[in-house]
Amino acid sequence: MVRGIRDQVTGSRLVGFARCRCDCKPMSVQPTVAHISRRVRGQTVQQVSRVAKRIVFAFADEQRLVIEPRMTGLMLLSDPPDRQHLRLEWKFQKQKTRFSVWFWDQRGLGTARLYTLSEFQEQLGPRVLGPDALEMPAQQWSARCGQTRRAIKVALLDQRLVAGIGNLYASEILHRAGIHPSTPAELLDTMQTRRLMQATRAVLKRAIRHEGSTLSDGTYRNALNQSGRYQNAHRVYARQGEICRSCKGATVIRIVQSQRSTFFCPQCQPCAATDKATRPEKRPPVA
DNA sequence: ATTAATGTTCAGAA
DNA sequence: TTTCTGAACATTAA
């Protein structure tokens with residue numbers, strides 16, 4: 001999302017910020033839209049950046065406007081999927097050109113927050129966010145996984161443990177790492193946490209390169225309202241009952257952890273607790 | 001017609 | 001202290 005709007009927005013002057021009139025319940029904006037508008041109008045955007053799963057507009061006076069798209073939020077330069085769910089509009093001016101950026105959000109769970117620099121730094125702090133998933137070094141992976149008894153899939157979604165992984169990518173990462181999602185995080189050995197780090201970097205980088213995953217509900221789109229392509233590379237997500245694309249031997253299983261779907265291949269991701277001790281060398285052929 | 005599900009996060013309870 | 005549960009929302013599939 002950041003890459004989609006960065007070139008246009010960086011160096012542009014904000015000339016308007018407002019809610020879009022739509023029939024939906026108003027999204028969470030703090031302080032009020034009017035207050036934010038008063039404080040940032042007329043200023044130039046110095047930088048558009050990403051912090052974990054948030055989008056950050058940095059203004060000339062060091063204030064930060066942070067957008068959290070949550071499940072269905074999109075940042076758009078044009079052509080929204082529909083008018084119904086447009087939530088916010090930024091009006092910009094760059095040289096003599098005027099253009100708008102929109103926040104579109106079907107479910108309305110997304111949020112916008114204006115922070116002073118010190119408030120913003122608090123929101124980056126360890127009380128809110130752990131190290132970024134793409135940056136966290138190997139020794140941190142093992143130290144932090146060793147700190148919790150929760151299932152590794154659940155731990156990966158804890159933004160204070162490691163920031164930037166969502167439900168879809170947690171399943172894909174664990175599949176690539178060959179780790180069963182129910183494995184207690186503290187039981188992972190050094191080799192496994194290293195594989196977890198490598199799988200996280202590989203999956204997230206590929207997903208970014210392919211501009212995200214547009215699921216069957218079709219909600220995710222880039223800034224130009226085009227579909228992502230990473231859904232074509234999914235190994236397990238939403239593939240329950242189908243043959244695993246990696247081993248081609250087992251079928252993908254769906255389970256629920258912390259009220260959220262998890263997908264995995266029992267052959268590629270053996271159960272750490274039982275299989276290591278009990279799994280025999282070879283499975284006898286089925287009659 | 002209800003219920004469950006969804007790329008999430010948070011407050012409050014267990 | 002750590003972990004779990006339900007709520008916020010809109011829409012679709014079962």
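It should be emphasised that the depicted structure is a prediction, and the values quoted were computed from it without experimental measurement. So that the names make sense, note that chain A is the first sequence line, chain B the second, and so on, each numbered from 1.
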**Student:** For A/Phe57 together with A/Trp90, are the ring centres under 6.0 Å from each other?
**Tutor:**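 Yes, they do, as the ring centres are separated by less than 6.0 Å.
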**Student:** Taking the cut-offs as 6.0 angstrom to the six-membered ring centre and 45 degrees off its axis, would you call A/Arg64 and A/Phe120 a cation-pi pair?
**Tutor:**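 Yes, cation above the ring, under 6.0 Å and within 45°.
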**Student:** If we take the C1' atom in both B/dT6 and C/dT3, what is their distance in whole Å?
**Tutor:**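 Between the two C1' atoms, the distance is 23 Å.
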**Student:** What is the separation between atom CZ on A/Arg144 and atom P on C/dT2, rounded to the nearest whole Å?
**Tutor:**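 Distance, rounded to whole Å: 13 Å.
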**Student:** Is it true that A/Asp105 and A/Arg70 have a side-chain N and a carboxylate O under 4.0 angstrom from each other?
**Tutor:**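 Result for this pair is no, no salt bridge flagged.
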**Student:** Would you call A/Glu122 and A/Arg127 a salt bridge, using N to O less than 4.0 angstrom?
**Tutor:**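 Salt bridge flag = yes for A/Arg127 with A/Glu122.
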**Student:** Send over the distance from A/Arg149 CZ to C/dT2 P, rounded to a whole Å.
**Tutor:**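 From A/Arg149 CZ to C/dT2 P: 10 Å.
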**Student:** What interatomic distance, in whole Å, is found between P of B/dT3 and the corresponding atom of C/dA7?
**Tutor:**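 Those two atoms are separated by 14 Å.
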**Student:** What is the distance, rounded to the nearest whole Å, between atom CD1 of A/Ile255 and atom P of B/dA5?
**Tutor:**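 After rounding, the reported distance stands at 13 Å.
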**Student:** Taking CE from A/Met71 and C1' from B/dT6, how many angstroms apart are they, rounded to a whole number?
**Tutor:**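 Answer to the nearest Å: 4 Å.
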**Student:** Salt bridge or not between A/Arg235 and A/Glu172? Use side-chain N to carboxylate O under 4.0 Å.
**Tutor:**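 Looking at A/Glu172 together with A/Arg235, the answer is no, because their closest N to O distance does not fall below 4.0 Å.
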**Student:** Can any side-chain N or O of A/Arg87 pair as donor or acceptor with the backbone N or O of A/Cys22 at less than 3.5 Å?
**Tutor:**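 It does not hold such a pair.
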**Student:** Has A/Arg260 got a side-chain N or O lying under 4.0 Å from the OP1 or OP2 atom of B/dT8?
**Tutor:**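 Checking B/dT8 against A/Arg260, a side-chain N or O does come within under 4.0 Å of OP1 or OP2.
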**Student:** Measure from CD1 on A/Ile165 to P on B/dT9 and round the result to the nearest Å.
**Tutor:**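 Between P of B/dT9 and CD1 of A/Ile165: 11 Å.
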**Student:** Does the protein touch nucleotides 5-14 of chain C at the base, only the backbone, or not at all? Give it as B, S and - per nucleotide, heavy atoms under 4.0 Å.
**Tutor:** SB-BBBS---
**Student:** Pick the P atom in B/dA5 and in C/dT5, then give their distance to the nearest Å.
**Tutor:**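 One P to the other, the span is 14 Å.
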**Student:** What is the nucleic acid contact for A/Arg160, judged by heavy atoms within less than 4.0 Å: base, sugar-phosphate only, or nothing?
**Tutor:**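 Counting heavy atoms under 4.0 Å across all strands, no contact is made by A/Arg160.
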**Student:** Kindly state whether the ring of A/His180 and the ring of A/Phe264 have centres lying under 6.0 angstrom apart.
**Tutor:**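 Distance test on ring centres: under 6.0 Å, yes.
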**Student:** Looking at every strand, decide which applies to A/Thr148 at a 4.0 Å heavy-atom threshold: base, sugar-phosphate, or nothing.
**Tutor:**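 The answer is sugar-phosphate, as A/Thr148 gets under 4.0 Å only of primed atoms, P, OP1 or OP2.
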**Student:** For the C1' atoms, the ones on C/dA8 and on B/dA1, what distance do you get once it is rounded to whole angstrom?
**Tutor:**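 It comes out at 24 Å once rounded to the nearest Å.
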**Student:** Map every base of DNA chain B to its dot-bracket character, where paired means a Watson-Crick or G-U wobble contact with both distances under 3.5 Å and | marks a partner outside the strand.
**Tutor:** .|||||.|||||||
**Student:** Within the distance-only criterion (no hydrogens, no angle test), does the side chain of A/Glu119 pair as donor or acceptor with the backbone N or O of A/Thr116 below 3.5 angstrom?
**Tutor:**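 Yes, the answer is positive, given that a donor and an acceptor are paired below the 3.5 Å cut-off.
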**Student:** Atom CG of A/Leu168 and atom C1' of B/dA5: how far apart are they, to the nearest Å?
**Tutor:**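 Rounding to the nearest Å, CG of A/Leu168 and C1' of B/dA5 are 14 Å apart.
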**Student:** Rounding to an integer number of Å, can you tell me how far A/Asp158 CG sits from B/dA11 P?
**Tutor:**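 Whole-Å distance recorded here is 14 Å.
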**Student:** Does A/Arg39 CZ have over 12 foreign heavy atoms under 6.0 Å away?
**Tutor:**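 Buried by this count: over 12 neighbours within 6.0 Å.
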**Student:** Rounded to the nearest Å, what distance is computed from the NZ atom of residue A/Lys153 to the C1' atom of nucleotide C/dC4?
**Tutor:**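 In whole Å, C/dC4 C1' and A/Lys153 NZ are 14 Å from each other.
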